[in-house]
Student: 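The structure that follows is given in the form of structure tokens.
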Amino acid sequence: MIDPDTKAGWVPEADEVDEEEEMPLSLRLSIADTLTLGNATCGFMAVYFTTTGILIPHLTGSQETGMARHSAATAVILMLCAAVFDLFDGLVARKLRSSPMGAELDNLSDLISFGLAPAYFVLVYGMVADDAHQRVAAVGAIVVLLAVVLRLARFSCVTVKDGTFQGMPSPFGALTVVSIVLLELPFVATLLAILGTAWLMVSRVEYPKPRGRLAVAMLSWIVLGMGLMAAWAFDAPSGQLLLQTGCALQLVMGAVIPLFATARRVNNFRDNRREARAAQLP
């Protein structure tokens, strides 16, 4: 039908309504995407509790150490919750489906929870710790943030063999950085350990993906970490010792896994070389 005034065709009104009501496929959130948004929310709230419970009381001269301990524990527990969301959104996406936005949402959420939140934790540590140097700690925080940015960008561009990550996964790296801070080591040792963790995140060391039994073990470790943080926050008997033990184990895991990965790569190289020599023999 032609409009006599404009000489243009009329579009039926019902079709216009249908086109407006129909949501593009790229804007529909799946269950996995909802878990990913939970990851981002936990990361943002970790920054919030670090600011309101640790940084602001320090700047205002408050002597309430209990509130700082509770806020630090809450911030770390929220990062642990973010790791749980990150673990399950991948499992759900493989079992069900993910929207076309899934990969981008995952990277952006990881940047908040495992890049910004731990880097900000390091920055605040440099401002409130007695033996810390604020500007040097700020440099360490920037290195952590940039390492996560580079790691996530490389993850989107580089294809690696199935079942492995190239470089320390950002959730594992974030928890390792926070554990280093909570160990309350001397400042120089803390900074060097943080820089070493940042290097592992952008390295080519292979880490196994958390699937099957490894996913269950990772989830159990996260739940144990939450329990240790709660015991420390509420000043339970031996809570400080339990916290330091858990943080030390996290640090040991961060150092041992690359050693095992390197040893496995060397052994595979030797086996392949041995098989090649055997194939050349008459």
Side-chain angles (χ1 to χ4, degrees), residues 22-48 75 77-121 141-178 197-219 221-222 254 257-258 261:
E22 184 178 359
M23 180 180 294
L25 181 62
S26 60
L27 297 181
R28 297 175 185 173
L29 295 178
S30 66
I31 298 176
D33 297 334
T34 304
L35 295 174
T36 303
L37 294 178
N39 172 7
T41 302
C42 289
F44 174 77
M45 293 305 297
V47 173
Y48 169 79
I77 288 175
L78 284 167
M79 292 185 215
L80 290 168
C81 290
V84 174
F85 280 118
D86 184 65
L87 175 64
F88 278 102
D89 69 359
L91 297 176
V92 171
R94 285 191 291 270
K95 292 293 183 181
L96 302 177
R97 68 175 181 85
S98 177
S99 74
M101 295 189 300
E104 300 300 329
L105 286 176
D106 189 61
N107 277 348
L108 293 172
S109 298
D110 286 354
L111 179 59
I112 296 172
S113 298
F114 312 125
L116 176 62
Y120 187 71
F121 200 81
I142 292 173
V143 170
V144 171
L145 179 62
L146 294 181
V148 175
V149 171
L150 292 173
R151 199 232 173 284
L152 294 174
R154 187 179 65 183
F155 177 76
S156 300
C157 301
V158 177
T159 302
V160 297
K161 64 181 181 180
D162 189 35
T164 61
F165 290 114
Q166 189 178 80
M168 178 183 286
S170 53
F172 193 87
L175 297 180
T176 302
V177 167
V178 171
T197 303
W199 175 81
L200 285 174
M201 283 193 281
V202 297
S203 70
R204 296 185 178 181
V205 177
E206 293 181 352
Y207 283 77
K209 290 186 176 180
R211 296 178 180 175
R213 293 181 179 179
L214 185 58
V216 175
M218 180 178 177
L219 180 61
W221 177 252
I222 291 174
I257 291 178

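These values consider heavy atoms only, across backbone and side chains, with no hydrogens, waters or symmetry-generated copies. Starting from 1, each residue takes its place in the sequence as its number.
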Student: Can you sort out the partners of V92 under side chain to side chain contact (heavy atoms under 4.5 Å, CB included), two or more places apart, ordered by chain and number?
Tutor: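 Scan of V92 (side chain to side chain contact (heavy atoms under 4.5 Å, CB included), adjacent residues dropped) gives I31, A32, L35, L96.
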Student: Which atom names give the shortest non-hydrogen contact between V178 and P118, and what distance separates them?
Tutor: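 Shortest heavy-atom separation between V178 and P118 comes out as CG2-CB, 4.3 Å.
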Student: I112: what forms a side chain to side chain contact (heavy atoms under 4.5 Å, CB included) with it, not counting sequence neighbours?
Tutor: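 Listed in chain order: A40.
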Student: Please report the closest heavy-atom contact between R154 and Q166, naming both atoms and the distance.
Tutor: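 For R154 and Q166, the tightest heavy-atom pair comes out as NH2-O, 2.8 Å.
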Student: Measure the CG-CZ distance between L219 and F88 for me, rounded to the nearest 0.5 Å.
Tutor: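 Rounded to the nearest 0.5 Å, the CG-CZ separation comes to 5.0 Å.
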Student: Among all residues two or more places apart in sequence or in another chain, which pass the side chain to side chain contact (heavy atoms under 4.5 Å, CB included) test with M45?
Tutor: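 Partners of M45 by the side chain to side chain contact (heavy atoms under 4.5 Å, CB included) criterion, ordered by chain and then number, come out as T41, Y48, F49, L78.
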Student: With sequence neighbours left out, write down each residue that passes side chain to side chain contact (heavy atoms under 4.5 Å, CB included) with S113, or none if nothing qualifies.
Tutor: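 With sequence neighbours excluded, S113 shows a side chain to side chain contact (heavy atoms under 4.5 Å, CB included) to N39, A82, given in chain and number order.
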Student: CD/E104 to CG/D33 distance, rounded to the nearest 0.5 angstrom?
Tutor: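 The CG atom of D33 is 11.5 Å from CD of E104, to the nearest 0.5 Å.
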Student: To the nearest 0.5 Å, tell me how far L111 CG sits from L145 CG.
Tutor: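 Interatomic distance, L111 CG to L145 CG, rounded to 0.5 Å: 6.5 Å.
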Student: Of all the heavy-atom pairs spanning A147 and V202, show the shortest one and how long it is.
Tutor: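 Looking at all heavy atoms of both residues, the shortest contact is O-CG1, 3.5 Å.
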Student: Taking atom CG of L87 and atom CD1 of I222, what is their separation to the nearest 0.5 Å?
Tutor: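 Going from CG on L87 over to CD1 on I222, the span is 6.0 Å.
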Student: Taking only distance into account, with no hydrogens and no angle test, what donor-acceptor pairs under 3.5 Å do side-chain atoms of residues 168-176 form with protein atoms, sequence neighbours excluded?
Tutor:
unit_1, atom_1, unit_2, atom_2, d
T176, OG1, F172, O, 2.7
T176, OG1, Q250, NE2, 3.1

Student: Does D106 have any side-chain hydrogen bond (donor to acceptor under 3.5 Å, both in side chains) partners at least two apart in sequence or in another chain, and if so, which?
Tutor: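 For D106, no residue satisfies side-chain hydrogen bond (donor to acceptor under 3.5 Å, both in side chains) once neighbours in sequence are set aside.
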Student: CG of D110 to CG of L116: how many Å apart, nearest 0.5 Å?
Tutor: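 Spacing of CG (D110) from CG (L116) equals 12.5 Å.
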Student: Once you round to the nearest 0.5 Å, how far does CG of N107 lie from CG of L152?
Tutor: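 Between atom CG of N107 and atom CG of L152 there are 5.0 Å.
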